[in-house]
Protein chains: 2
Amino acid sequence: MKEHYELIINAFRPLEILEAKHLEFLDFWEEVEHPKGSFLTEAGKIERYFYVVIEGVQAVYILTPNGDKKVIGFSFDGSFSGIYDSFLKESGSHYFLEALTDSRLLRMNKAQYDSLFDRYPEFNEWGRVIHQELLIGRVQREVELITMDAKERFDVFMNRCPKKLMTVPQKYLASYLNMTPETFSRMRKQIGGG
Amino acid sequence: MKEHYELIINAFRPLEILEAKHLEFLDFWEEVEHPKGSFLTEAGKIERYFYVVIEGVQAVYILTPNGDKKVIGFSFDGSFSGIYDSFLKESGSHYFLEALTDSRLLRMNKAQYDSLFDRYPEFNEWGRVIHQELLIGRVQREVELITMDAKERFDVFMNRCPKKLMTVPQKYLASYLNMTPETFSRMRKQIGGG
DNA sequence: TCAATTTCTTGATCCAGATCAATTTTTGCC
DNA sequence: GGCAAAAATTGATCTGGATCAAGAAATTGA
């Protein structure tokens, strides 16, 4: 796992100091591969892992009764991944987590995750801060979904979307922005325009 | 503040044990009143406080460029309140926090909030867990906004909405459900129906 | 390399829910 | 209680973006 210390340490910012005694935690991680199109978790199953992405793009989505995918979020190089509520509560997931490109990830299981906080209570600070940030980001997205029309959502997204995401089929981006691929395509034609 | 110990302790669940040494924390709180219609924070200002509601209902909303209010959430007896991102980052808020009924709240300022974690690192566990729960709740709401039509959102909301919220004008509930008061009224006519 | 499959684009139509307009009902206040 | 202001209802109309349909472009894989 030594080769990925840097990645893990970066992912775990803003936990400023990973002290010597934390190095044990670095060995919790197990490396896994997921080819494009494979599922890390599916609706109905329990999410067993908490991930850090080494490489690749993954999408979390929910399947509506009429069968369309609604993308909730993406993960990619350096970010966390997993179906968080299912993982924490060890209850059935409503979501799919799919590799959109060939992916390599690091993962730890729930027992390891729990022991992290038991053994090193100072990780709770990391947990508190990281969850604050995730929460603020989610509220931000919610506000954008509620207050902006399709064109505005498209523009805002395009201006700050990580390049990495541009490699996935547009229909996933469209879904994330809560619009159809047709609408997404039409918005694309008028970049910068009204 | 003694009279409100119970309230605070309940609000801070799941921090199971407030030990003797934490009793100092109970005295951080200051009681304030906000009459109906008054603002606890306004857009452009910095949120200086973190609140626990003793009594009353408050709404967080954003004002769109065309001037309509979009309600993001409510707080009421026993829950936390405040404009969280502004409070944490000490940066200008985009939101309004308005008392929808005469309200009494307990509040602490940012310095006190920070000192909580400095002095009693074990509060970080509370922080981590409470933010996990808030995050999961937000994602749940986001999924409902994205996947459900107006009638479904109305039904789901009505089935689990705290009675306390039924005392506020319907236009706020309508806005929270991302629909107009007219639509809300029409949904109301067909409770239980198709 | 080239056929099969998937994705993207473009145009035509449709509809849930917004907007506009007019009452009616409720609330608050003296 | 009674009157003004705010909120809720109801009906008529409008529209952003969905849906449907068909073809063009890109990707995949043998």
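Here the structure is a predicted model, which means the values were calculated and not measured. Per chain, numbering begins at 1; letters A, B, ... match sequence-line order.
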Contact state string [nucleotides 9-28 of chain C, B base, S sugar-phosphate only, - no protein heavy atom under 4.0 Å]: SBBB----SSBB-------S
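When the P atom of D:dG16 is taken as reference, atom CD1 of A:I146 falls 20 Å away, rounded to whole Å. With rounding to whole Å, B:L173 atom CG is found 12 Å from D:dA7 atom C1'. For B:Q190 and D:dT9, the CD to P distance is 13 Å, given to the nearest whole Å. At whole-Å resolution of the value, CG in B:L100 and P in D:dA7 are 10 Å apart. If you take NZ of B:K171 and P of D:dA5, they are 15 Å apart, rounded to a whole angstrom.
A salt bridge is absent between B:R153 and B:E144; no separation between the charged side-chain nitrogens and carboxylate oxygens falls under 4.0 Å. Ion pairing between a basic and an acidic side chain is recognised when a charged N comes within 4.0 Å of a carboxylate O; A:E33 and A:R107 show no such pairing.
With sequence neighbours left out, the side chain to side chain donor-acceptor pair (under 3.5 Å) criterion links A:S81 to A:S75.
Taking a pair to require two hydrogen-bonding distances under 3.5 Å in either a Watson-Crick or a G-U wobble arrangement, D:dA30 pairs with C:dT1.
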Criterion side chain to side chain donor-acceptor pair (under 3.5 Å) on B:Y84 and B:H131, from CA distance to verdict: CA-CA 11 Å; B:Y84 211 52; B:H131 285 99; 2.7 Å; yes
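Each of B:Y113, B:F74, B:F50 was evaluated against B:F80; a single residue qualifies, B:F50, per the ring pair (Phe, Tyr, Trp, His ring centres under 6.0 Å) test.
Aromatic pair B:F25/B:Y120: ring centres not closer than 6.0 Å.
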